[in-house]
2 protein chains.
Amino acid sequence: MSERSVGTLLADRSVDADLRIRTAAVLLFARRGYAATGVRDIARLVGLTNAAIYHHVSSKEELLADIMRAGQNRLIASTRRGLRGVVRPEDALAILISSLTATHGLHRMVTRVMDGELRSLTPGSAAYQEIIALRDAYEDEWRRVLARGVEEGVFRIGDPRLTRLGLMAMCTGTSEWYRPGGPAALERVCLEFVEMGLRAVRARRDGVPVTAGDTPPPDLSLVPPLPWEPPWDEAADLAG
Amino acid sequence: MSERSVGTLLADRSVDADLRIRTAAVLLFARRGYAATGVRDIARLVGLTNAAIYHHVSSKEELLADIMRAGQNRLIASTRRGLRGVVRPEDALAILISSLTATHGLHRMVTRVMDGELRSLTPGSAAYQEIIALRDAYEDEWRRVLARGVEEGVFRIGDPRLTRLGLMAMCTGTSEWYRPGGPAALERVCLEFVEMGLRAVRARRDGVPVTAGDTPPPDLSLVPPLPWEPPWDEAADLAG
DNA sequence: GTCTATACCTTGATAGAC
DNA sequence: GTCTATCAAGGTATAGAC
């Protein structure tokens, strides 16, 4: 889907303007970056003037903060939903890996903004600190799962922090290269990364290596779109 | 090292202005991003006016392209130097992982610019296509090593492309979180990632799993600074 | 809720003195 | 090789009519 047809959809005034503005903003922030995107660019994409944008949004930076906050909250919510009732550390790790990968594949634009535009928030501002806190809360889920796996003797790893950082980077990188119609389906990507992750932590149960088949399969419905992530996001090459 | 003292060093007129400008540019591009950095910001950091910058650089975008080109060329050169004469795929993979990790840890600013500012080059421009070609040439080294490992029966992996993308993201992520005085020395990071990588590809030699100890140790001197990456880059927290 | 018009600032880049 | 001065274009954000 080209930017032209996206623009046509985004200019449809029968859809709530707040949602269209957020959709356009996340699209442009992800493509060009926050600093390179003007309020006028967003306005043009939704068929409004830049002044009209300020009726819906208090400032460009607040718009960025809203997007990042929503993205982080969804990530935390879907992760905790996925982990609920899960007891075996190897199952929990598989869920962490496949849900983080799925989030970055299904919602490439929001995750790119989440992962790359923290520097665009005023350092020390309330919004900045809030996003940092959300990010830390998410990373705690990983810390807990890895620690439990080591405690129970299911994982045999070196430095837990390095292990976590390496595995998380593998998953988050997905938003940089994944394309919906590309060579690998997203479930396949999740499975492959779960497999690699389980091997990286040397997951073993009763002396036998744990493989992806022994853990819960990827559940892409765990990570639903946000209100302003339209369904055509998933099928279209919006990330350019 | 604070930006203040960095500024003092960068304003030292006994050092070649071209180098100081590149140092300042990569520092600011990495911290704030290319679009958020003004030519006046660079000029202020090196103690010149914005007009003087244009005596040394034809345009801001050309400055970015120069930095990215130099970074990519160094990565390719040090990688090929490291791989020269190496025959065993497991050794080659260890070198790919530790040199990519070392590059991203030793030269965090240049690698952040390399990895994150491709979108800031005019799409289709000569510089853009050149950088893309360099990136592809680098990735080919990975493709070759993984393919050879599979051929020789040393690696047992699923999708070679997904394996490569996952491992490369693990390594490149280093520039986002590594800090010189932090909890883990860079050699340690390289070793840990090599270990995880070898397990991820199920490297085996004579039926026995290959560990990092069986492969060449990380060689940080393989990735020397560029002329405009001063020695204090390595010790100082320039990445903010 | 959207418009036109505008205030005020910063941008990348250039001209020409020294 | 660096400066001052300047340009046109664009930035965020606001005022006030409709």
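A, B, ... follow the sequence lines: proteins, then strands. Residue 1 opens every chain. These numbers were taken from a predicted model, which means no experiment stands behind them.
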*Grab the CG-C1' distance between D41(B) and dG12(C) for me, whole Å please.*
12 Å
*Round to the nearest Å and state the distance from I53(B) atom CD1 to dG1(D) atom P.*
13 Å
*asked:* The test is salt bridge (Lys or Arg N to Asp or Glu O under 4.0 Å); show your working for R32(B) and D41(B) and say whether it passes.
replied: CA-CA 11 Å; R32(B) 311 178 186 172; D41(B) 297 327; 3.4 Å; yes
*Indicate, with a heavy-atom threshold strictly under 4.0 Å, whether T37(B) touches base, sugar-phosphate, or nothing.*
sugar-phosphate
*Given dA13(D), dT2(C), dG12(C), which nucleotide is nearest the side-chain atoms of V39(B)?*
dG12(C)
*Examine the side chains of S120(A) and E61(A) and answer whether a donor and an acceptor come within less than 3.5 Å of each other.*
no
*Tell me: CD1 of I42(B) to P of dA13(C), nearest whole Å?*
10 Å
*Under-4.0 Å salt bridge between R135(B) and E130(B)*: no
_Length of the OH-C1' vector between Y54(A) and dA5(C), whole Å_ = 16 Å
*asked:* Heavy atoms from C-beta onward define the side chain here; which of dT2(C), dG12(C), dT2(D) lies closest to that of H55(A)?
replied: dT2(C)
*Integer-rounded Å distance: dA9(D) C1' and K60(B) NZ*: 14 Å
_Is there a side-chain contact between H56(B) and the phosphate of dT2(D), meaning an N or O under 4.0 Å from OP1 or OP2?_
yes
*Do E229(A) and R74(A) sit within salt-bridge range, that is, some charged N less than 4.0 Å from a carboxylate O?*
yes
*Within the structure, does a side-chain N or O atom of T49(B) lie under 4.0 Å from either OP1 or OP2 of dC3(D)?*
yes
*Any salt bridge between R161(B) and E192(A), counting N to O under 4.0 Å?*
no
*asked:* Checking contacts here: which listed nucleotide (dC3(D), dA13(D), dA13(C)) is nearest the side-chain heavy atoms of A51(B)?
replied: dC3(D)
*Quick one: R44(B) CZ to dT2(D) P, roughly how many Å, whole number?*
18 Å
*Let me know, please, whether R13(B) or R40(B) comes out on the 5' side of the other along DNA chain D by nearest nucleotide.*
R13(B)
_Spacing of L48(B) atom CG relative to dT2(D) atom P, expressed in whole Å_ = 5 Å
*Distance, rounded to the nearest Å, where N50(A) contributes CG and dA13(D) contributes P*: 10 Å
